[in-house]
Amino acid sequence: AFAANHLGRLWVGGNLNDPHRLYYSTQSNHLELSATGAGDAGTLSVYPGAAQKLVGASSFKGFLVAFKYPRGVYYVDSRSPTIASWRVDQINDQVGAAGPYAFTIVENDIMFLDTSGSFHLLSIVTEESKQTSNISQIADMTQWFRDNVNMSLLNNARMVYYPQKREVHCAVAAVGSTVNNLRVIVDLNAQEPRFRVSDKDGCGAMWIRTNSDNLDEIAVGDSSGFVYRLDQAEKSIDGTGYESIFRTPFTDMSFVDPSLAVIEKNFG
């Protein structure tokens with residue numbers, strides 16, 4: 001199940017008996033949903049013949065963006081004061097979200113993780129766009145997910161945007177793990193996104209908190225009940241250091257000249 005606050009109403013979904021339906025509350029009381037028969041609460045059916053189910057939603061630029069599993073992205077336009085004028089539009093049927101927390105608002109966009117382990121930007125996910133929305137192909141991260149991530153638990157992925165560093169952090173479970181113990185970080189400071197991976201902390205839960213300096217920072221909670229503040233000056237865990245490795249990527253140098261991709265190269 002999932003929930004989102006949108007235009008003064010609580011919107012919920014994930015009902016197994018009706019997996020393509022959104023339920024919205026009254027504006028005066030978020031506890032008053034359509035099941036209670038209260039006020040102007042009600043429901044919307046979202047393309048019931050498409051995909052398996054609704055999996056998440058987020059309020060964005062006046063619309064409710066609804067994601068389906070395994071594919072489907074929709075705009076719910078509820079801006080009109082007349083409920084009968086509300087409408088649902090499908091904007092893509094080729095990609096969807098991996099789970100109810102597998103997306104995050106990034107400044108003027110939404111980044112989300114699909115069921116194959118690829119990252120996408122909502123701004124590019126339109127039927128008319130000729131540009132691929134898959135930003136993972138820059139570093140072949142989709143293949144990395146298949147090799148290193150427990151894909152059967154991708155629906156448990158957690159994503160947050162860390163504005164202090166302009167990074168998206170995505171927590172997933174490593175191969176052989178049943179809990180989220182890897183963070184894939186998407187660095188948005190360069191012209192093209194850059195990726196790195198951390199296995200330092202468990203990430204069953206992940207959120208942004210405001211510290212004593214009134215700055216945002218990432219906090220995570222692990223499966224043992226411990227909460228950690230990340231991105232701290234002290235590079236240790238309870239006084240114990242940890243290993244940090246930097247590696248340059250494997251490349252055929254085709255980004256310099258496409259012809260180099262098929263040429264044997266020797267570097268001294």
Arg166 side-chain N/O to Leu188 backbone N/O, donor-acceptor pair under 3.5 Å: yes

Whether Asp222 side chain and Gly225 backbone form a donor-acceptor pair below 3.5 Å: yes

Transitive ILVMFWY side-chain link Tyr23 to Val88, under 4.5 Å: no

Side chain Ser25, main chain Leu10, donor-acceptor under 3.5 Å: yes

Check: Thr82 side chain, Ala84 main-chain N or O, donor-acceptor pair, under 3.5 Å: no

Under 3.5 Å donor-acceptor, Asn17 side chain and Pro19 backbone: no

Ring centroid separation Trp86 to Tyr24 under 6.0 Å: yes

CA sep, side-chain torsions, deciding dist, call: Asp187, Asn189, side chain to side chain donor-acceptor pair (under 3.5 Å): CA-CA 6 Å; Asp187 185 342; Asn189 287 286; 2.8 Å; yes

Backbone of Tyr162 reached by a side-chain donor or acceptor of Gln164 within 3.5 Å: no

Residue pair Val172 / Ala157: nearest heavy atoms and the distance that separates them: CG1-CB, 4.0 Å

Which atom pairs, one a donor and one an acceptor, fall under 3.5 Å between side chains of residues 173-186 and the rest of the protein, sequence neighbours left out?
| from | atom 1 | to | atom 2 | distance (Å) |
| --- | --- | --- | --- | --- |
| Ser177 | OG | Val179 | N | 3.1 |
| Ser177 | OG | Val179 | O | 2.7 |
| Ser177 | OG | Asn181 | ND2 | 3.4 |
| Asn180 | OD1 | Ala173 | N | 3.3 |
| Asn180 | ND2 | Asn156 | O | 2.9 |
| Asn181 | OD1 | Ala174 | N | 2.8 |
| Arg183 | NH1 | His169 | ND1 | 2.9 |
| Arg183 | NH2 | Ser198 | OG | 3.2 |

Residue from Phe103, Tyr69, Tyr101, Phe67 passing ring-ring contact (aromatic ring centres under 6.0 Å, His included) with Phe112: Phe67

Distance-only donor-acceptor check, side chains Thr142 and Ser118, under 3.5 Å: yes

Parallel, tilted or perpendicular: ring planes of Phe145 versus Phe119, cut at 30 and 60 degrees: perpendicular

Minimal non-hydrogen separation, Cys170 against Leu113, with atom names: SG-CD2, 3.9 Å

Joint cluster assignment, Ile208 & Leu215, ILVMFWY side-chain distance < 4.5 Å: no

Short side-chain to backbone donor-acceptor contact, Glu32 and Asp40, under 3.5 Å: no

Evaluation steps, side chain to side chain contact (heavy atoms under 4.5 Å, CB included), between Phe2 and Leu22: CA-CA 10 Å; Phe2 61 88; Leu22 287 169; 3.9 Å; yes

Leu154-Met111 co-clustered via ILVMFWY side chain contacts under 4.5 Å: yes

Chi angles and distances behind the side chain to side chain donor-acceptor pair (under 3.5 Å) call for Glu167, Tyr161: CA-CA 6 Å; Glu167 296 173 344; Tyr161 177 57; over 6 Å; no

Contact check, side chains of Val227 and Val220, non-hydrogen atoms, under 4.5 Å: no

Side chain Thr26, main chain Asn29, donor-acceptor under 3.5 Å: yes

Rounded distance (nearest 0.5 Å) linking atom OG of Ser85 with atom CG of Asp77: 9.5 Å

Student check: side-chain heavy atoms of Trp144 and Val149 closer than 4.5 Å: yes

Side chain to side chain, Leu121 and Ile110, heavy atoms closer than 4.5 Å: no

Minimal non-hydrogen separation, Ala50 against Gln90, with atom names: CB-NE2, 4.4 Å

More than 12 heavy atoms from other groups under 6.0 Å of CZ on Arg87: no

Cluster overlap Ile135 with Met141, hydrophobic side-chain contacts below 4.5 Å: yes

Heavy-atom check, side chain of Tyr74 versus side chain of Asp89, under 4.5 Å: no

same_hphob_cluster(Phe226, Ile218) at 4.5 Å side-chain heavy-atom cutoff: yes

Any residue meeting side chain to side chain donor-acceptor pair (under 3.5 Å) with Arg21, in chain and number order, not counting sequence neighbours: Asp18, Thr43

Salt-bridge contact Asp216-Arg209 (side-chain N to carboxylate O under 4.0 Å): no

Non-hydrogen side-chain atoms of Arg71 and Asp93 separated by less than 4.5 Å: no

Test side chain to side chain contact (heavy atoms under 4.5 Å, CB included) applied to Leu122 and Ile91, step by step: CA-CA 10 Å; Leu122 181 68; Ile91 61 172; 3.9 Å; yes

Let me have the donor-acceptor pairs involving side chains of residues 51-65, under 3.5 Å, with sequence neighbours excluded, atom names and distances please.
| from | atom 1 | to | atom 2 | distance (Å) |
| --- | --- | --- | --- | --- |
| Ser59 | OG | His6 | ND1 | 2.8 |
| Lys61 | NZ | Asn108 | OD1 | 3.2 |

Reported CZ-to-CE distance for the pair Arg146 and Met151, which is rounded to 0.5 angstrom: 7.0 Å

Under 3.5 Å: donor-acceptor pair, side chain of Lys68, backbone of Tyr47: yes

